[in-house]
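Working notes, structure below.
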Amino acid sequence: QVHVVESGGGLVVAGGSLRLSCAVSGRTFSTLTMAWFRQAPGKEREFVAAITWSGRSTYYSDSVNGRFTISRDDAKNTVYLQMNSLKPEDTAVYYCAADESMAVFRTATLYNYWGQGTQVTVSS
C-alpha cells in the first residue's frame, strides 16, 4: 500500500508562486510514476503534470506548461510542484497521484494511489 500526503497549498495573489509537496511512503518511491491533478468546484479532475519514475521525463498540461515545474527527490520520497505566475483559474484542490506501472498517464482513473488534496486559491 502506498500512502500519499500533499502539503503546501494556500492563498496567493495572482502572479505569485507556491510550491506543493507530496510525501510518499509504503513503496519504493523510485519505482513510482508521480503526477499532479487538480479539481475546481463543479469541474472534473484534470491532469496538471507528471514525472517518470526515473525523473528523466516530465509532462504538462497546456494550461500550465511554462509556468509549473514538477520534480522529484528520491532521497526524500517526495515530489514537488513549483507553481509560478499563478492565475485565478489555477484555483482548485490539487491532488498528488502515484502509479506502479512505470507508464505515464494523463487520465486520473489510471492512478492507483491518491492523497487527500491541498487547496490552492489564487485571488485576482
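This is a predicted model, so every value here is computed, not measured.
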**Prompt:** Can you tell me how far CG of L20 sits from OH of Y94, rounded to the nearest 0.5 angstrom?
**Reply:** 7.5 Å
**Request:** Please list, chain by chain and in numerical order, all residues satisfying salt bridge (charged side-chain N to carboxylate O under 4.0 Å, His left out) with R45, sequence neighbours excluded.
**Result:** none
**Prompt:** For the side chain of S54 and the backbone of R56, is there at least one donor-acceptor N/O pair under 3.5 Å apart?
**Reply:** yes
**Item:** Straight-line distance of S101 OG to L110 CG, nearest 0.5 Å
**Value:** 8.0 Å
**Request:** Please collect all salt bridge (charged side-chain N to carboxylate O under 4.0 Å, His left out) contacts where either partner lies in residues 29-41, sequence neighbours excluded, each pair once.
**Result:** R38-E46, R38-D90
**Fill in**
In short, ring-ring contact (aromatic ring centres under 6.0 Å, His included) pairs touching residues 13-40 with sequence neighbours left out are F37-F47, F37-Y111, F37-W114
**Prompt:** What do the steps show when you test M34 against C22 for side-chain contact (heavy atoms from CB on, under 4.5 Å), and what is the final call?
**Reply:** CA-CA 9 Å; M34 300 299 301; C22 171; 4.0 Å; yes
**Asked** Tell me, do Q1 and Y113 make a side-chain contact under 4.5 Å, heavy atoms counted?
**Response** yes
**Prompt:** Looking only at side chains, do S61 and S63 share a donor and an acceptor under 3.5 Å apart?
**Reply:** yes
**Message:** Are V4 and Y80 linked, directly or through intermediate hydrophobic residues, by side-chain heavy-atom contacts shorter than 4.5 Å (ILVMFWY only)?
**Reply:** no
**Request:** First locate atom OG1 of T52, then atom CG of L32, and finally report the distance between them rounded to the nearest 0.5 Å.
**Result:** 12.0 Å
**Same apolar cluster (I L V M F W Y, side chains within < 4.5 Å links), Y59/F105** = yes
**Message:** Please say yes or no: joined through hydrophobic side-chain contacts below 4.5 Å, possibly via intermediate residues, are Y95 and I70 part of one cluster?
**Reply:** no
**Prompt:** Quick one: CD1 on I51 to CZ on R72, what's the gap to the nearest 0.5 Å?
**Reply:** 6.0 Å
**Flag, side chain of T91 to backbone of T121, donor-acceptor distance under 3.5 Å** = no
**Message:** Please report the interatomic distance CG(N65) to CG(D62), rounded to the nearest 0.5 Å.
**Reply:** 7.0 Å
**Message:** Taking side chain to side chain donor-acceptor pair (under 3.5 Å) as the definition, give me every residue that meets it alongside D73, ordered by chain and number, with sequence neighbours left out.
**Reply:** none
**Message:** Hydrophobic clustering (ILVMFWY, side-chain heavy atoms < 4.5 Å, transitive) - are V64 and V120 grouped together?
**Reply:** yes
**Request:** Could you note down all residue pairs passing salt bridge (charged side-chain N to carboxylate O under 4.0 Å, His left out) where residues 91-109 supplies at least one of them, sequence neighbours left out?
**Result:** R27-E100
**Message:** Membership question, hydrophobic clusters at under 4.5 Å side-chain separation (ILVMFWY): are V122 and L18 in the same one?
**Reply:** yes
**Request:** Not counting sequence neighbours, which residues clear side-chain contact (heavy atoms from CB on, under 4.5 Å) with Q82? List them please.
**Result:** S17, R19, T69, N84
**Item:** Reported OH-to-CZ distance for the pair Y60 and R67, which is rounded to 0.5 angstrom
**Value:** 12.0 Å
